[in-house]
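Taking it in order: structure first as structure tokens, then the write-up.
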Amino acid sequence: MSAGAMRAVKVLVWAACIWPGANLFYNAFWGDLGVNPVETLEHTSGETALVILLCSLAITPVRRLTGWNRLQSLRRLLGLWAFFYALAHLSFYILFDQACLYWADCQLKAVVDDVMKRKFILSGMVAFFAMLPLALTSTKGWIRRLGKRWQTLHRLAYVAGAAGAIHFIWKTKVPETKPYLYGGILLVLLAVRVAYSWRKRRAERGRVSTVKNSRNIAS
Amino acid sequence: MLIKRASDIRSSEITPESVYRSRREFLQTAAAGAIGAYAGASLLADDLWAQAAIVGVKKSPLSTTEEAHTWEQVTQYNNFYEFGTQKSDPARYAGQLKVKPWTVKVDGMVAKPVDYALEDLIKPHQLEERVYRFRCVEAWSAVIPWVGFPLADLIKRVQPQGKAAYVAFTTLQRPVEMPGQRTGSLDWPYVEGLRMDEAMHPLTILATGIFGKELPNQNGAPIRLVVPWKYGFKSIKSIVRISFVEKMPPTSWNIANAAEYGFYSNVNPMVGHPRWSQARETRLGSFVKNKPTLMFNGYADQVAKLYDGMDLKKFY
Ligand code: HEM
């Protein structure tokens with residue numbers, strides 16, 4: 001993949017990530033968020049966060065499959081956009097669903113209750129707090145500072161994806177296709193990831209034993 | 001129990017009359033203009049303008065004085081799983097449902113079991129406009145001007161036997177015209193039930209219209225139940241059968257998830273749903289879920305006595 005093609009891909013990805021938010025903003029401005037604005041805001045931001053998160057997790061497998069190494073830089077871009085929508089989602093929940101927009105209506109106890117009592121809210125929180133450290137450590141400085149541990153830490157992205165999908169599944173009143181579809185996509189991505197690291201480990205073991213064998217011969 | 005009076009309700013939560021009227025006019029003009037271009041389009045079926053008016057409707061003292069929501073709000077945002085699980089599905093797909101002719105079977109423990117043609121079922125009754133608060137279990141609410149008549153009037157007419165303790169209702173099952181019934185989202189047909197005293201309560205009505213017009217399909221045409229102090233799913237739509245029974249009848253959401261939906265399902269801010277609190281609600285159109293939910297949806301004065309001595313945490 002050429003640098004030019006990569007630039008075009010980046011423009012498209014930015015446009016795709018800005019679109020849902022811009023659309024919400026536009027509709028909010030014109031008072032056109034549907035019959036239940038609280039729900040529209042919560043649903044759009046939540047689903048967008050999950051979809052972008054899944055896209056960011058798909059980058060590495062796609063890169064390996066195609067050999068287009070330049071794609072790797074999309075992973076951070078997408079991850080940060082997913083976090084942006086998750087943050088918006090959480091803010092909508094606090095401001096509108098929990099009514100904290102009006103100080104008099106805001107009850108911390110109600111929020112804590114909601115998290116403690118409802119596994120559907122708790123799973124959303126898990127997803128959010130799995131994404132938070134990833135967003136904070138996404139800079140070059142942190143990547144350098146954390147070294148190998150950065151890789152390990154960023155496996156939390158899978159935790160966020162899984163918790164997000166479970167959050168969606170638990171949210172619906174009757175089983176629906178979409179949440180299971182997202183859950184399924186996550187499972188596939190996870191399986192690809194595990195399969196890849198197994199193969200890599202086996203290959204490494206193979207290499208080590210070849211080295212040992214050649215030493216034996218030499219001695 | 002402290003009940004909020006209508007005047008306590010923040011006016012910004014309610015669509016002002018002028019907006020409601022001007023939207024109506026706009027819709028009418030738009031619909032009139034659209035006829036040429038979209039003659040016969042299903043879009044028109046959703047319009048206030050296109051829906052047939054009901055004549056001879058009396059006002060009722062049981063109506064709330066709160067400002068009603070708009071036609072669009074009430075007809076474009078519905079839970080009617082027979083047409084799909086999304087709020088927009090009923091408005092999109094209910095147009096295919098044929099509601100004429102319509103028969104309602106009244107059977108079970110009654111003196112006169114009958115298959116009523118809809119017209120004959122309605123004809124003897126004085127239709128009234130009842131403006132009621134409507135509270136969905138999903139913590140949103142609306143104010144809707146129904147047209148209907150007390151279920152009690154029909155019950156008296158068909159004379160249930162003394163042993164009949166419950167009334168069971170069934171929705172039409174017609175998967176060809178109800179795409180949601182081709183999925184397993186719920187067990188079909190949809191069924192609901194009331195205890196006899198709930199069914200006989202003067203607030204309980206069979207509705208045939210909204211806003212003075214015949215019910216649009218997505219709102220449960222041609223005839224539905226409205227029980228304003230219970231969560232919306234109790235108010236079963238598109239009824240084809242009313243049975244008088246001795247034992248508590250099965251109800252659809254209870255079958256789907258007994259831990260989350262009980263038989264009574266009275267609006268109760270003190271008993272939270274496993275997945276959301278019921279303490280507050282979003283008045284449709286409002287940006288914030290900050291309206292405190294009232295016990296029995298604000299109808300406690302009229303209905304609390306039905307549940308005297310019952311543990312409402314247990315019988316949710
Ligand atoms: C920070 C904690 C979070 C809280 C308190 C929270 C809360 C909520 C609430 C209240 C809803 C709406 C439920 C309804 O209307 O019935 C919702 C929906 C949703 N949330 Fe979250 N959420 C959180 C984090 C997340 C995260 C991090 C993701 C994505 C990775 C996410 C994805 C979703 C999705 C996909 C939906 C469903 C959207 C739809 O129905 O179309 N949430 N969440």
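Quick note on labels: first sequence line is chain A, next is B, and so on, each numbered from 1.
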Within 6.0 Å of [atom1] in [X], more than 12 heavy atoms from elsewhere:
X      : atom1 : value
A:R145 : CZ    : yes
A:W68  : CH2   : no
B:Y93  : OH    : no

*Find the distance between CG (A:D97) and OG1 (B:T282) and round it off to the nearest 0.5 Å.*
6.5 Å

*Please name the pair of heavy atoms, one in A:P37 and one in B:S286, separated by the smallest distance, quoted to 0.1 Å.*
CD-O, 3.6 Å

_Over all atoms of both residues, closest heavy-atom pair of A:L101 and B:V288_ = CD2-CG2, 3.8 Å

Any side-chain heavy atom of [X] within less than 4.5 Å of one from [Y]?
X      : Y      : answer
A:R118 : B:S277 : yes
B:T85  : A:V174 : yes
B:K87  : A:E39  : yes
B:F287 : A:L33  : yes

*asked:* Would B:Q86 and A:K178 count as a side chain to side chain contact (heavy atoms under 4.5 Å, CB included) here? Give the steps.
replied: CA-CA 12 Å; B:Q86 303 300 303; A:K178 230 200 257 169; 5.8 Å; no

*So which part of A:T40 gets closer than 4.5 Å to some heavy atom of chain B, the side chain, the backbone, both or neither?*
neither

*Could you tell me which residues in residues 133-143 of chain B have at least one non-hydrogen atom under 4.5 Å from a non-hydrogen atom of chain A, sorted by residue number?*
B:V137, B:E138, B:W140

*Report yes or no: do A:N36 and B:Y77 form a side-chain donor-acceptor pair below 3.5 Å?*
yes

_Heavy-atom cut-off 4.5 Å, strictly under: side chain, backbone, both or neither for B:S185 against chain A?_
both

*Checking heavy atoms, do the side chain of B:E281, its backbone, both or neither come under 4.5 Å from chain A?*
neither

*Output the option from A:E176, A:K171, A:K119, A:K117 having the highest count of non-hydrogen pairs under 4.5 Å with chain B.*
A:E176

_Would A:K173 pass as a cation-pi partner of B:W253, given that its NZ or CZ must be under 6.0 Å from the six-membered ring centre and within 45 degrees of the axis?_
yes

_Under a 3.5 Å distance rule, please check whether B:R275 uses its side chain to pair with a backbone N or O of A:W170 as donor and acceptor._
yes

